[in-house]
Amino acid sequence: MDRKYKVLITGKNKAVIDDIFRHTTADFECLSTSRRMDDLMGHLKYFGPDAFVYCLKAEETEDINNLKTLGPKIHQAYVPFIIIGDQTDCNEFQKQAFNTADLVLTRPITLSNIHERIVGVIGEWQQKKLINGAKKGEIPEEGMTSPGMEEGESEGVMDILKELSNELGQEKEKVVVGEKRGHILVVDDDPRMLKVIRANLRDEYDVASAVNGRLALKFLEKKKTDLILLDYEMPGLKGPEVFRILKSSPELSEIPVVFLTGVGELSKVQEVLEMKPQGYLLKPVDRSKLRSCVQSLLG
């Protein structure tokens, strides 16, 4: 799935807003809004953004108070609140708004850095949303559907949520009988793909998930895995970038990597082969090919 993250943008600094619109179209679907509270609330409801970005420029106290009121409503929807501005504006906003912002981007800052850090904080909030939904025994509101998801698929996604809550800081103590099970890390931003892979592998292997490349790398800082199934096309760090980072790390370079790529993307298949991973699988993933590939690498 080539889903773009939705970013709702507003603020007084029109130059920064224009730059974000011009230079982040590859991974962001951007929408601007006025600073009126009713406009902001309407766009939060109907656009359903993955992140809210406010571009600061000499904000008045009234503006900051409005945003301070908006902050909890944004967080209820599991949307990160991001501010961009110079050091003075950012410090004043955080002071008056009681640290409402989840991410502070202080200018001067490159557009690539803005892009990378926004993608990172979106991933963190999406993972938080999954975990909290699993703890409550429910699917977070509007959280686990994606373009093209069929009715009834939420049941399978619920299984993903419950397992995620155990994997990410809430792990249960396991009693291991017989040989150690192999561990697989699946990196994909599509809940349907996670559902399919888990359903086919979890009886024989322990399967962990990361919704983007940055979170996968954070996972690997603390935990080990025996195999990585890596989506080629993702918002933020794409599969090839994650692959290069893995292979440049002495601690991670020996982990076998299998790419997941769309069946119609023949040029990308060629690019994957040139990178010399341990394998690749075409999406939609065929069950027998998935199991055969994993078994050939993990046994």
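Residue numbers start at 1 and run along the sequence shown. Computed from heavy atoms alone, side chains included, the values below leave out hydrogens, waters and symmetry copies.
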Roughly how far, to the nearest 0.5 Å, is CD of E92 from CD of Q87? 12.0 Å
State whether the side chain of E233 and the backbone N or O of T261 hold a donor-acceptor pair below 3.5 Å, judged by distance alone. no
Determine, step by step, whether T61 and Q96 satisfy the side chain to side chain contact (heavy atoms under 4.5 Å, CB included) criterion, reporting the C-alpha distance in whole Å, the side-chain angles of both residues, the deciding distance to 0.1 Å, and the verdict. CA-CA 8 Å; T61 299; Q96 290 193 45; 3.6 Å; yes
Which pairs would a plain distance check flag for residues 112-125, meaning a side-chain donor or acceptor within less than 3.5 Å of a matching protein atom at least two apart in sequence or in another chain?
residue	atom	partner	partner atom	Å
S112	OG	T110	OG1	3.2
H115	NE2	D27	OD2	2.9
E124	OE2	K218	NZ	3.2

Is there side-chain contact between K6 and L31, with heavy atoms separated by less than 4.5 Å? no
Is it true that atom NZ of K14 has more than 12 heavy atoms of other residues, nucleotides or ligands lying nearer than 6.0 Å? yes
Quick one: OH on Y280 to NZ on K289, what's the gap to the nearest 0.5 Å? 8.5 Å
Holding to side chain to side chain donor-acceptor pair (under 3.5 Å), I want the full list of residues that pass it with E251, two or more places apart in sequence or in another chain. S249
Rounded at 0.5 Å granularity, tell me how far CD1 in I197 sits from CG in L290. 6.0 Å
State, with a plain yes or no, whether a side-chain heavy atom of L229 is found less than 4.5 Å away from one of L201. yes
Counting only heavy atoms from other residues, nucleotides and ligands, does the tally under 6.0 Å from NZ of K238 exceed 12? yes
Compute whether any side-chain donor of one residue and acceptor of the other, for D86 and T88, lie under 3.5 angstrom apart. no
Could you report the tightest heavy-atom contact between G85 and C90, atom names first, then the distance? O-SG, 3.4 Å
As an exercise, state the distance from NE2 of H23 to CG of D18, rounded to the nearest 0.5 Å. 9.5 Å
List the residues meeting ring-ring contact (aromatic ring centres under 6.0 Å, His included) with F243, not counting sequence neighbours, and say none if there are none. F259
Between C293 and V258 the two heavy atoms that sit nearest each other are SG-CG2, 3.8 Å
Backbone of H183 reached by a side-chain donor or acceptor of T225 within 3.5 Å: yes
If I take atom NZ from residue K4 and atom CG from residue D189, how far apart are they, to the nearest 0.5 angstrom? 13.5 Å
With salt bridge (Lys or Arg N to Asp or Glu O under 4.0 Å) as the rule and sequence neighbours excluded, what pairs involving residues 53-65 come up? K12-D63, R35-D63
Of all heavy-atom pairs linking N212 and V187, the shortest is O-CG1, 3.7 Å
L217 vs L237, side chain to side chain contact (heavy atoms under 4.5 Å, CB included): CA-CA, chis, key distance, verdict: CA-CA 10 Å; L217 295 173; L237 278 179; 3.9 Å; yes
Got F28 and D50 here, is their nearest side-chain heavy-atom distance under 4.5 Å? no
For the student: nearest non-hydrogen atoms of F21 and S32, plus distance: CZ-N, 3.5 Å
Side chain proximity check, L246 to I228, heavy atoms < 4.5 angstrom: yes
Are K283 and D188 close enough that some pair of their side-chain heavy atoms sits under 4.5 Å apart? yes
Which is it for L230 and V242 under the side chain to side chain contact (heavy atoms under 4.5 Å, CB included) test, yes or no, and what are the steps along the way? CA-CA 8 Å; L230 179 62; V242 176; 4.0 Å; yes
Summary of ring-ring contact (aromatic ring centres under 6.0 Å, His included) pairs that have at least one residue in residues 33-71, sequence neighbours excluded: F52-F81
Indicate yes or no for a side-chain donor-acceptor contact from T100 to the backbone of A97 under 3.5 Å, with no hydrogens or angles considered. yes
Heavy atoms of Q278 and I255 approach each other most closely as OE1-O, 4.3 Å
Among L40, L44, I9, which residue satisfies the side-chain contact (heavy atoms from CB on, under 4.5 Å) criterion with T33? L40
May I ask you to decide if M41's main-chain N or O and K45's side chain share a donor-acceptor pair within less than 3.5 Å? no
Taking side chain as C-beta onward, heavy atoms only, is I184 less than 4.5 Å from V294? yes
Side chains of D231 and M193: closer than 4.5 Å at any heavy-atom pair? no
Candidate pair L260 and Y232, rule side chain to side chain contact (heavy atoms under 4.5 Å, CB included), full reasoning: CA-CA 6 Å; L260 306 171; Y232 187 98; over 6 Å; no
When every non-hydrogen atom of T69 is compared with those of P72, the smallest separation belongs to O-CD, 3.3 Å
Value for CD (E274) from NZ (K276), rounded to nearest 0.5 Å, stands at 10.0 Å
Determine whether I84 and I20 make a side-chain contact, defined as any pair of heavy atoms from C-beta on separated by less than 4.5 Å. yes
With a 4.0 Å cut-off, would you call R107 and D89 a salt bridge? no
Under 3.5 Å: donor-acceptor pair, side chain of E29, backbone of Y5: no
D38: side chain to side chain donor-acceptor pair (under 3.5 Å) partners, not counting sequence neighbours: R36
